[in-house]
Structure formats: C-alpha cells, structure tokens
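Single-structure report; data block below.
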There are 2 protein chains.
Amino acid sequence: MNPLHLSNQLCFPFYSISKEIIKRYQPYLAPLNLTYPQYLVMLVLWEADHVPLSKIGKRLQLDSGTLTPVVKKLIVNGYVEKSRNPDDERQLVIKLTERGQALQEEARDVPAKINDVLGLSAEEYVRYKEMLDDLSVKLGLAEEKETC
Amino acid sequence: MNPLHLSNQLCFPFYSISKEIIKRYQPYLAPLNLTYPQYLVMLVLWEADHVPLSKIGKRLQLDSGTLTPVVKKLIVNGYVEKSRNPDDERQLVIKLTERGQALQEEARDVPAKINDVLGLSAEEYVRYKEMLDDLSVKLGLAEEKETC
DNA sequence: TAAAATTAGATTGTGTACAATATAATTCTA
DNA sequence: TAGAATTATATTGTACACAATCTAATTTTA
C-alpha cells in the first residue's frame with residue numbers, strides 16, 4: 001500500500017465531493033442570485049437575524065477576509081444590510097432586508113431538490129450525516145451549544 | 001425539522017471538513033513549497049509520469065482554468081516541465097523534473113503525519129474511507145478503471 | 001475531402017479562501 | 001487609570017475554482 005497514492009488519501013474525496021455537491025447547488029441557487037457561500041450566510045441569518053459578523057464567521061468557519069466580500073455582495077444584491085452595534089462599535093451587525101426575508105420562501109425547496117439530485121436514500125442520508133457530524137466533532141468543527 | 005437549518009445540510013460538513021483537513025496539510029506542505037492542489041498534481045505524477053494535462057484534470061476533477069495556473073507554479077518552482085505531444089499538438093504533456101522526482105522522498109511522511117493530526121483510529125479511517133468511496137461512486141466521481 | 005463538430009488548453013472575469021497585516025474599539029491589568 | 005493586551009473587522013496579496021469564451025489541432029461526416 002503506497003500512502004502517496006491518490007486513492008489512499010482521505011482528504012481528497014472530501015475535497016472533490018464537497019466541490020461536486022456545491023456544483024449541483026448552482027442551478028438552484030443561481031436563480032436566487034446566490035453562490036453557495038452566500039447561501040450559507042443566508043441560512044445562518046434565516047435561523048437568527050441581527051447577528052454580528054463574528055458569529056456568522058464562527059458558525060461557518062470563515063474569517064473576515066472571506067466574509068467581508070461575501071456580505072458586501074449580499075448587501076449589493078439587497079438581501080442584507082449592516083450597521084454597527086452601539087454597545088460595541090467594533091461589531092458589524094448583519095440584518096436581513098425584507099427582500100432577504102422573502103428569499104427564504106423562494107429557497108424553501110432547495111434542500112429537497114439537492115437531495116433528489118444526490119439520489120441518496122433516507123438511510124444513506126442519515127448514515128452519512130452521522131459520520132460527518134462525528135468527524136466534525138473530532139476535528140473541533142462542531143459548534144459549542146450556546147444559549148444565546 | 002427545518003430543511004433550511006444549517007445543521008440539516010449534508011453539504012456543509014463536507015465543505016468545512018474539506019477546508020479543515022487542507023488547513024492541516026499546510027504545515028507539512030509549506031516546507032515542500034506546495035499548496036494542497038499542487039500536492040495533488042504531484043501525487044498524480046508520482047503515480048505515473050509524463051501525463052497529459054487533460055488526464056490530470058480528469059483524475060482530480062479540475063478544469064484547465066484551475067490547472068493551468070497550478071502547473072505554471074509547479075514549473076516556476078522547478079518540479080515539472082511541459083512539452084507538447086508530437087502526435088497531438090493540442091496535448092500538453094507534464095513531466096517531473098529530477099527535483100520533482102526527488103520531492104517524492106521528502107513527501108513520503110506527509111500522509112502519516114496527516115493521519116496523526118486527524119487522530120483517527122485505523123477502524124475509523126477505514127469506515128470513513130468506505131463511506132467516501134461509496135459516495136464518490138454515487139456522484140460519478142470515481143475513476144473508470146482504465147488500462148492505460 | 002472540405003466543412004462541421006469535437007477536443008485540448010489558455011484566457012478572462014467573478015468569487016471565494018486564507019495568511020498576514022492594519023486599525024480602531026474595548027477590556028484588562030499593573 | 002494609562003498603557004498593554006485583546007477583539008472585531010477590513011485590507012492586501014496569493015492561490016485556487018469555475019463558467020464562459022477563445023484559439024488551434026484533430027476527428028467526424030456529409
């Protein structure tokens with residue numbers, strides 16, 4: 001067994017599967033004027049609006065160098081707006097616009113469509129999800145349960 | 001169950017685990033003057049040298065827009081060189097330099113070190129690998145067994 | 001066999017990713 | 001409480017990713 005053989009790498013399938021799934025999102029996200037990272041930010045905001053950028057970054061494991069241009073695009077597209085937290089002027093608070101809230105309705109079917117495209121059975125989905133969540137914990141990527 | 005909740009997305013853990021593992025490669029690849037995509041190209045060449053760019057692209061699921069600059073960097077760093085196939089002048093044939101061949105020796109421990117860093121047991125590794133290979137086939141990413 | 005279609009790479013443009021650095025606001029601490 | 005450390009975000013520079021388009025070489029086919 002040659003450890004330097006591509007087929008023996010654990011990372012490579014994560015890398016290529018991740019890219020492949022993101023490509024399959026594209027036909028469903030493009031009509032909403034969203035890229036995949038932009039969609040992730042919207043998911044976070046649909047869960048809880050009025051969130052500081054730092055929190056979005058922690059949730060998505062993305063730093064400001066990545067998030068700043070992503071949020072800028074969402075602002076240009078009219079989905080979110082930003083303001084500073086008066087209690088801490090460093091914090092940039094991101095808030096959905098009406099358009100951004102309405103978009104949630106338009107995105108409602110995206111997860112189901114992606115599941116169709118991936119063609120996984122319910123059991124497979126659950127099995128994969130468990131392993132991924134498991135590995136996320138092992139890698140320290142899982143979120144700490146927070147009360148706020 | 002809200003399908004638009006981040007925790008119910010299958011793609012997101014692939015996306016963040018992939019990025020996390022690549023980050024953990026960095027300390028081991030940087031001394032070799034390689035990024036992760038550059039390392040992948042070298043893995044392919046260490047398996048079989050003198051390969052057309054198209055074949056590397058098929059193997060790694062990367063198009064010319066991505067590979068052209070990656071290979072350019074490998075050339076600048078002295079690891080590979082390119083020439084055209086005389087039988088088909090469209091094909092760009094990529095070949096390891098002596099330096100590029102020697103690099104394989106320096107990279108020999110990278111997979112083991114990554115395994116250490118990930119902290120997976122042998123059983124976990126096998127379990128994850130099976131799941132990933134399985135899903136790669138389902139998504140049409142697995143390579144067709146070729147004779148050449 | 002000449003025009004049409006295909007294939008291999010390169011280029012352009014947009015959008016991430018992230019390390020490193022900078023700046024301003026806030027908190028800590030001697 | 002003033003200087004030091006920390007925190008939140010922005011900026012810069014490098015390097016992918018990929019869609020779309022382009023050019024040139026090869027293959028197909030009418």
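Proteins come first, then strands; the chains are lettered A, B, ... in the order of their sequence lines, and each starts at number 1.
- What separates CG of A/Leu29 from P of D/dC18 is a distance of 15 Å, to the nearest Å.
- Salt-bridge annotation for B/Glu20 and B/Arg24: present, with a side-chain N of the basic residue lying under 4.0 Å from a carboxylate O of the acidic one.
- Along DNA chain D, the nucleotide nearest B/Thr66 and the nucleotide nearest A/Arg84 are compared for position; the residue whose nucleotide lies closer to the 5' end is A/Arg84.
- Atoms CG and CG, from B/Asn115 and B/Asp109 in turn, are 12.0 Å apart once rounded to the nearest 0.5 Å.
- Residue B/Gln91 places none of its side-chain N or O atoms closer than 4.0 Å to OP1 or OP2 of D/dT26.
- Distance check, rounded to the nearest 0.5 Å: CG of B/Leu29 to CD1 of B/Ile114 gives 6.5 Å.
- Heavy atoms only, all atoms of each residue included: A/Gln9 and B/Lys129 are closest at O-CE, 3.5 Å.
- At the heavy-atom level, B/Pro52 lies under 4.0 Å from the strands shown only through sugar-phosphate atoms.
- Applying the 3.5 Å distance criterion, the base of D/dA10 shares no donor-acceptor pair with the side chain of A/Thr68.
- In this structure, A/Gln38 reaches the sugar-phosphate backbone alone: every heavy-atom distance under 4.0 Å involves primed, P, OP1 or OP2 atoms, never a base.
- Look at CZ on A/Phe12: it is 15 Å from P on D/dC16, rounded to the nearest Å.
- Between the OH atom of B/Tyr25 and the C1' atom of D/dA15 there is a distance of 18 Å, rounded to whole Å.
- Rounded to whole Å, atom C1' of D/dT9 lies 13 Å from atom CD1 of A/Ile75.
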| message | Determine whether B/Asp133 and B/Tyr128 satisfy the following criterion, side chain to side chain donor-acceptor pair (under 3.5 Å), listing intermediate values before the conclusion. | response | CA-CA 9 Å; B/Asp133 290 345; B/Tyr128 289 132; over 6 Å; no
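- Sequence neighbours left out, the pairs with a member in residues 26-57 of chain B that pass ring-ring contact (aromatic ring centres under 6.0 Å, His included) are A/Tyr15-B/Tyr36, B/Tyr25-B/Tyr36, B/Tyr25-B/Tyr39.
- Nucleic acid contact class of A/Ser64 (heavy atoms, under 4.0 Å, all strands): base.
- Remark: the backbone N or O of B/Ser121 is paired with a side-chain donor or acceptor of B/Glu124 at under 3.5 angstrom.
- Enclosure of atom NZ in A/Lys138 by more than 12 non-hydrogen atoms of other residues, nucleotides or ligands within 6.0 angstrom is indicated.
- When the P atom of D/dA19 is taken as reference, atom CD of B/Gln61 falls 12 Å away, rounded to whole Å.
- For the contact set between residues 17-24 of chain A and DNA chain C, defined by any heavy atom under 4.0 Å, there are no members.
- For B/Asp63 and D/dT21, the CG to C1' distance is 13 Å, given to the nearest whole Å.
- Sparse packing is recorded around NZ of B/Lys95, with 12 or fewer heavy atoms of other residues, nucleotides or ligands lying under 6.0 Å away.
- Under 4.0 Å is where a charged nitrogen must lie from a carboxylate oxygen, and between B/Glu105 and B/Arg108 at least one such pair does.
- Atom CG in B/Asn77 sits about 12 Å away from atom C1' in D/dA15, given to the nearest Å.
- The shortest distance between the side-chain N/O atoms of A/Tyr15 and the OP1/OP2 oxygens of D/dA17 is below 4.0 Å.
- A residue-by-residue look at A/Pro37 and B/Val93 shows that B/Val93 has its nearest nucleotide of DNA chain C further toward the 5' end.
- When the P atom of D/dA8 is taken as reference, atom CG of A/Leu67 falls 13 Å away, rounded to whole Å.
- Proximity of B/Thr35 to the phosphate of D/dA15: no side-chain N or O atom is located under 4.0 Å from OP1 or OP2.
- When each of A/Lys72 and B/Leu62 is assigned the nucleotide of DNA chain D with its nearest heavy atom, A/Lys72 is the one assigned upstream, toward the 5' end.
- Along DNA chain C, the stretch of nucleotides lying under 4.0 Å from any heavy atom of chain A spans, 5' to 3', C/dG15 to C/dT26.
- Residue-level contact check: A/Asp88 touches the backbone only, with heavy atoms under 4.0 Å from sugar-phosphate atoms and none from bases.
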